[in-house]
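Note sheet for the following structure.
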Amino acid sequence: MSIGRTNAKIKMQQDYKPKNIEAVAQESWKRKLSFRAEDQSDKPKYYCLSMFPYPSGKLHMGHVRNYTIGDVLSRYHRMKGFNVMQPMGWDAFGLPAENAALANNVPPAAWTYSNIDAMRTQLQSLGLGIDWSRELTTCKPDYYRWEQWLFTRLFQKGLIYKKTSSVNWDPVDNTVLANEQVINGCGWRSGALVEKRDIPMYFMRITQYAEELLADLDQLEGWPEQVKTMQSNWIGKSYGCEVYFPYDAESVGTTGVLKVYTTRPDTLMGATYVAVAAEHLLATQAAASNPKLAEFIAECKRGGTAEADMATMEKKGMSTGLFVTHPINGELLPVWIANYVLMGYGEGAVMAVPAHDERDFEFAKKYNLPIKQVIERDEIVIAKKTKSERATFADDQNEVTDQAVDHHRDLMEAALVNKFTADYWQEWYGEKELRMCVNSGKYDGLDFQQAFDAISADLQAKGFGQKRTQFRLRDWGISRQRYWGCPIPIIHCAQCGDIPVPDDQLPVILPEQVTITGAGSPLAKMPEFYETSCPQCGGAAKRETDTMDTFFESSWYYARYTSPGCTTGMVDERAQYWLPVDQYVGGIEHAILHLLYARFFNKLMRDVGLFGETTFSTSTQVTGEQALQSKSFNEPFTNLLTQGMVIAPTFFREGAAGKKLWINPAEVDIETDSRGRPVGAKLRSDGQPVVIGGTEKMSKSKNNGVDPQIIIDQYGADTARFFIIFAAPPEQTLEWSDAGVEGAFRFLRRVWNFAYSNKKEIDVCHSRSKNESDESFLKSMNDEQREIYREMHVVLKQANFDLQRLQFNTVASACMKILKALEQQMVTGTPGVTTKSIAITNGFSILLRLLSPIAPHITQTLWQELGYGDDILSAPWPEVDEAALIQDEIELMIQVNGKLRGKLRVAKDADQTTLKQLAVTYPSVEKLLAGQAAKKIIVVPGRLINVVT
RNA sequence: GCCGGGAUGGCGGAAUUGGUAGACGCGCCGGACUCAAAAUCCGGUGCUGGUAACAGUGUGAGGGUUCGAGUCCCUCUCCCGGCACCA
């Protein structure tokens, strides 16, 4: 069956039946290849990408929201005249497939592929304008062979290297656990106490790109500020100093230095001890002869590797009995082992200045270590001086008043009484501004920067340190001791070492028929997989059995979509047409890791020469300008929209032993009082009360998920899409509401009904000559028509603005406003074709086009049914007729002292004097003035007049 | 703990730059239609007082800047996201 002309002959359905019209519309898009993106076009390109889903098997509301937002953007840009590409694919490797394999005894591959099929069907029923010819699946060799290829290139360039690193080790299941699988320090399945274990892993030198990743954030004007801030903080560039503390030969037994990094060298004179991580060389050495220390180190190694746990646990430490000497004053400082010092960060050792660091302070108080104040507020230092001495400190910026001196005298007295209590300490520890050194010998009186420079210089002169820039960002560990991931293309040869798999032997294919036991990787138990020969010497060798972090796949899929079917590389020349992505849409939870890794990969691929004739050496930093000149590009995503979560109410009953039994909202009836406030809830099946819980992220564990498929089956995809767009702006959390969904459906039905009952008049109107861009169109209208026409365009102007700033909920509102105004016109307007139909025909065409990105099926159908055209997809986007917006009279607010007291209609070009006169003689203003003259009258043109008394 | 974000009627949210707080929708109340109900349509709806006109009050809490603050500044509370092996 075909739609369009054939269908137009059939009488229009009276009732809105989404099931029928959605199937017809989707079939038509499929047949006409409506969403096939052209690799060559006269139109400007628009690459709109939504984060691809992990194929869990069932579409959830978060997906629906993500892809609806992307589809609205895609369809809007298409109508604006862009060559749009909106692809879709599957982030198919990952832990859940292995968990499912354990639970259901299905191989991860089979489970994944059947999930993909199920989810593709669901996605298609949403009516998304996707170019399915570009679909990709990351667990297929034709995809992952190219990341193996990239791996070997980066390995050869030294951008991937091997080192040992800590993982969560489950000693009962003898397996490595993900952070997610560690619950309260125990393995999720075995319940065993998890410990840290050091194993060799491959790392990517993302730190080599830290400077560029940080600097290029400035180029990302289309990114939310908060995401850039988070990334910037994550990279964490800091300026500091390396300090070497020479070993005390007597206690340590050898010579050497303890290396630390500090951002506060100005406080070096206040260092009273040093602390090292449990894995530090000095710790190991001290523990050799001290069983108690060895026990403490073992304790530190218990528990997982998650940073949040490290940061919140109780600070514990133990003295090693070893000493180092202070590099400037030569004092002996004790060496402590502390559980809050991380081996993987910095040097695995810190200098402790308890007077000026919160953690050191807490630790020193706990273990009675000395606290030496070396920084003081300027004012207090000054207050301690005589009046004449003070004069030399006072300047225009920092005048020392007697009041300030008194205030700080009080503080000083408080200090004597409360010395080093946490409250008082808060008063002076942190900020670097307006502070100077005290108790620091020759550095006394220096401010932060002066002391920083002087102490660094002295350290350097003595060979005990130097200034250093440091990044918080660590190199990216990419090895996973798991099965369901991309095999790392390395061969271990006893003679030749670690050899990358040669290109002609790629891909290293992951065997799909395996048994998952939950203990260790199946690959390590498959000789047919790991037994191989060395590509270099030909001798027997062993293939690497670790797989890659799944972030690897998601870091370059955006590029692969540009080159579907490419068998010659990761991408081909089509990438240069489509990249960078114009609009990326996805959850805020990816603000740091995924988005940082994808930015990193973009730079790697650029530097490997995939995006043009660039030949950057990886050892030099590339500026944005250089890259732009070379026709390449630095950043993968020009604009970023971070969408909020979908949340829903929760309901539960207390089960045995206080265990909560969560009840799905669909099974609950809510009781309200006369005002509509909820007072209770009952389970429909037994009529007994349930407890109303909080409103939380839709999840299996809280049983508050709403299945999108049920909504689509019941109301249609257009209703689901409309509700999701209408209920909240894209970046905010969206609260699910069944009543709201019904409201969305009611609205679409009203649109349908309006079309049905006005079809005749609109048809008649089409036969008359008219052109909305024609100036005479506006002039030909009578006042009534012009007013409704103006109303349409006021709403349209706001809607077009809202679309540009990605606030789609108010675009949905605008559609409702237009329909309301048109319905109103039907009731109150003068009957007859000449007075109503022109305005209605024009207004309804605006409504259909404005609504079409949100609810594409109903609008496509009505566009044809009412004879506006064959295909709304190729209709031009409605633009505002500015001439229609001009009004002769405007309404001004009248305020007295900023408080609204009335409204006034005035000519739009009334002058200020007239307006002021009108305001003071306005009855309620006159009354409030009570005969007094106004002190001041503020006129805000076009808005208000404020009379100040 | 650290980094980032949020809080506006009974509910979701609107208010472009400091200038009419509550658009639009849900819910609730009243009315029409109906034998009745549902659906639909019309009207009302921040809170307090008042028959009403109107007045007071109101954007998480407390303070500040301003003729004027939901919006800017300071302090605080609660909630959410991320923290490097969930994706």
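Because the structure is predicted, anything quoted here is derived from the model rather than measured. What you see below is based on every heavy atom in this structure, not just the backbone, and it leaves out hydrogens, waters and symmetry mates.
Picking from B/rC85, B/rG19, B/rG81 the nucleotide with the shortest atom distance to the side chain of A/Gln895 gives B/rG19.
Contacts between residues 798-807 of chain A and RNA chain B, defined by a heavy-atom separation below 4.0 Å, involve A/Gln798, A/Phe801, A/Arg805, A/Gln807, listed by number. Across residues 938-949 of chain A, A/Ile938, A/Val940, A/Arg943, A/Leu944, A/Asn946, A/Val948 each have a non-hydrogen atom less than 4.0 Å from an atom of RNA chain B (numbered order).
A salt bridge (charged side-chain N to carboxylate O under 4.0 Å, His left out) check over residues 226-236 of chain A, counting only residues at least two apart or in different chains, returns the pairs A/Glu225-A/Lys228. For residues 795-809 of chain A, the pairs satisfying salt bridge (charged side-chain N to carboxylate O under 4.0 Å, His left out) are A/Lys797-A/Glu882, A/Asp802-A/Arg805, with sequence neighbours left out.
Here the side chain of A/Tyr67 pairs a donor or acceptor atom with the backbone of A/Met51 at under 3.5 angstrom.
The side chain of A/Arg480 contributes an N or O atom lying less than 4.0 Å from OP1 or OP2 of B/rC85.
Looking at A/Leu892, A/Ile945, A/Val906 one by one, the single match for side chain to side chain contact (heavy atoms under 4.5 Å, CB included) with A/Leu918 turns out to be A/Val906.
Contacts of A/Trp234 classified as side-chain hydrogen bond (donor to acceptor under 3.5 Å, both in side chains), with partners at least two apart in sequence or in another chain: none. Listed by chain and residue number, A/Val940 satisfy the side-chain contact (heavy atoms from CB on, under 4.5 Å) test with A/Arg943 (two or more places apart in sequence, or in another chain). The side-chain hydrogen bond (donor to acceptor under 3.5 Å, both in side chains) search around A/Asn179 returns A/Asn168, A/Thr305, not counting sequence neighbours.
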Pairs of donor and acceptor atoms involving the side chains of residues 732-743 of chain A, under 3.5 Å and at least two apart or interchain, shall be tabulated with distances.
from: A/Trp736; atom 1: NE1; to: A/Asp738; atom 2: OD1; distance (Å): 3.1
from: A/Ser737; atom 1: OG; to: A/Ala739; atom 2: N; distance (Å): 3.4
from: A/Ser737; atom 1: OG; to: A/Gly740; atom 2: N; distance (Å): 2.8

Can you check nucleotides 2-5 of chain B for protein contacts, nitrogen or oxygen pairs under 3.5 Å, and list what you find?
from: B/rC3; atom 1: O3'; to: A/Asn233; atom 2: ND2; distance (Å): 2.7
from: B/rC3; atom 1: O2'; to: A/Asn233; atom 2: ND2; distance (Å): 3.0
from: B/rG4; atom 1: O2'; to: A/Gln226; atom 2: OE1; distance (Å): 3.1

Protein and nucleotides 39-45 of chain B: nitrogen or oxygen contacts under 3.5 angstrom:
from: B/rU40; atom 1: OP1; to: A/Arg749; atom 2: NH2; distance (Å): 2.8

Could you run down the sub-3.5 Å N/O contacts of the protein with nucleotides 69-73 of chain B?
none

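Using a 4.0 Å cut-off between charged nitrogen and carboxylate oxygen, A/Glu314 and A/Lys366 count as a salt-bridge pair.
Helical stems of RNA chain B (runs of at least 3 Watson-Crick or G-U pairs, donor-acceptor distances under 3.5 Å) are listed by first residue: B:1-7 with B:77-83, B:10-12 with B:24-26, B:27-32 with B:40-45, B:46-49 with B:54-57, B:60-64 with B:72-76.
Seen from the ring of A/Phe203, A/Lys163 counts as a face-on cation partner, given the 6.0 Å and 45° thresholds.
Among the heavy atoms of the strands, none lies under 4.0 Å from A/Met548.
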